[in-house]
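It should be emphasised that the depicted structure is a prediction, and the values quoted were computed from it without experimental measurement.
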Amino acid sequence: MNIRRQAGLLLTALPRAAHRHGFGVQSPWAYLLVRDVLFERLHYYAYIDQQLLTPQQQQLYRIRLHFRHQPLTVITATGADAQQQYEQTASSATADTVLVVEHADDANADLWRQIVADPRAIVTFDMGYRGMVVFDTKRIKQNYLL
């Protein structure tokens with residue numbers, strides 16, 4: 001990772017710190033999702049059974065567990081493949097569809113900016129290294145920087 005990218009991550013981490021545990025998130029639904037799923041501090045019983053060692057692996061497990069009855073797509077590809085996966089998911093998305101985008105790579109960071117601007121992506125949660133999109137049209141379009 002180059003120095004410019006590290007400096008950019010540091011500068012974006014400072015404003016995110018206030019919202020990291022749900023502070024400043026007004027929606028009760030979003031607050032509970034941030035607090036109890038995205039940044040849960042308690043140890044799950046299945047972390048050892050599933051061999052989930054890193055916090056990112058544990059967070060993805062909690063997301064999958066929380067949305068287990070809803071269609072969930074995880075995009076790990078980069079570039080044109082990631083763009084194609086997003087378009088395919090967004091075009092067939094229902095109100096229950098949830099999308100997770102791994103965007104630590106610069107190519108997916110550009111894709112993430114396009115997703116946030118897309119009117120089909122209603123609620124987005126930007127965690128810096130990963131983004132989550134909810135396509136529920138009953139909600140107000142909003143982007144949370146966590």
**Report entry** Apart from Val101 itself, residues in the same hydrophobic cluster as defined by side-chain heavy atoms under 4.5 Å
**Finding:** Ile75, Tyr86, Leu99, Leu111, Trp112, Ile115, Val116, Val133, Phe135
Query - Atom pair CG/NE2 of Leu72 and His66 - distance to nearest 0.5 Å - result: 11.0 Å
Report task. If you link ILVMFWY side chains whenever their heavy atoms are less than 4.5 Å apart, which other residues fall into the same cluster as Leu42? By chain and number, please. Result -> none
Query raised in the report: CG of Leu65 to CD of Gln50: how many Å apart, nearest 0.5 Å?
Result: 10.0 Å
Requested in this report: Starting at OG1 of Thr124, measure out to CG of Asp118 and round the result to the nearest 0.5 Å.
Outcome: 10.5 Å
Requested in this report: Carefully, step by step, assess Trp29 and Arg139 under the rule side-chain contact (heavy atoms from CB on, under 4.5 Å).
Outcome: CA-CA 10 Å; Trp29 169 83; Arg139 304 195 184 281; 3.4 Å; yes
Query - Side chain proximity check, Val123 to Phe125, heavy atoms < 4.5 angstrom - result: yes
Query raised in the report: If you draw a 6.0 Å radius around CD in Gln88, do more than 12 non-hydrogen atoms from other residues or ligands fall strictly inside?
Result: no
Query raised in the report: With no hydrogens and no angle check, do the side chains of Thr78 and Asn108 hold a donor and an acceptor under 3.5 Å apart?
Result: no
Requested in this report: Identify the two heavy atoms, one from Ala77 and one from Ala82, that lie closest to each other, and give their separation to 0.1 Å.
Outcome: O-CB, 3.3 Å
Query raised in the report: So, the side chain of Gln59 versus the backbone of Pro55: is there a donor-acceptor pair under 3.5 Å, distance only?
Result: no
Query raised in the report: So, do Gln85 and Thr73 sit near enough that their side-chain heavy atoms are less than 4.5 Å apart?
Result: no
Query - Min side-chain heavy-atom separation Gln114-Gln83 under 4.5 Å - result: yes
Query raised in the report: Any luck finding a side-chain donor-acceptor pair between Tyr144 and Gln142 under 3.5 Å?
Result: yes
Query raised in the report: Do Leu60 and Val100 come close enough that some side-chain heavy atom pair is under 4.5 Å?
Result: yes
**Report entry** Those residues that, when tested against Asp36, pass salt bridge (Lys or Arg N to Asp or Glu O under 4.0 Å) (two or more places apart)
**Finding:** none
Query raised in the report: Can a donor-acceptor pair be found between the side chains of Gln56 and Arg130 at a distance below 3.5 Å?
Result: no
Query raised in the report: For Gln70, which residues count as a side chain to side chain contact (heavy atoms under 4.5 Å, CB included) partner, sequence neighbours excluded?
Result: Phe67, Asp96, Val98
Query raised in the report: Atom CD in Gln84, atom OG1 in Thr89: separation rounded to 0.5 Å?
Result: 10.0 Å
Query raised in the report: So, the side chain of Arg62 versus the backbone of Val37: is there a donor-acceptor pair under 3.5 Å, distance only?
Result: yes
Query - Which atom of Gln58 lies closest to which atom of Leu52, heavy atoms considered - result: NE2-O, 3.1 Å
Query raised in the report: Got a second to check how far Met127's CE is from Glu102's CD, nearest 0.5 Å?
Result: 8.5 Å
Requested in this report: Answer yes or no: is there a donor N or O on one side and an acceptor on the other, between the side chain of Lys141 and the main chain of Ala121, under 3.5 Å?
Outcome: yes
**Report entry** All side chain to side chain contact (heavy atoms under 4.5 Å, CB included) counterparts of His69, not counting sequence neighbours
**Finding:** none
Requested in this report: Drop me the distance from Leu146's CG to Met132's CE, to the nearest 0.5 angstrom.
Outcome: 9.0 Å
Query raised in the report: Sequence neighbours excluded, which residues qualify as salt bridge (Lys or Arg N to Asp or Glu O under 4.0 Å) partners of Glu87?
Result: Arg120
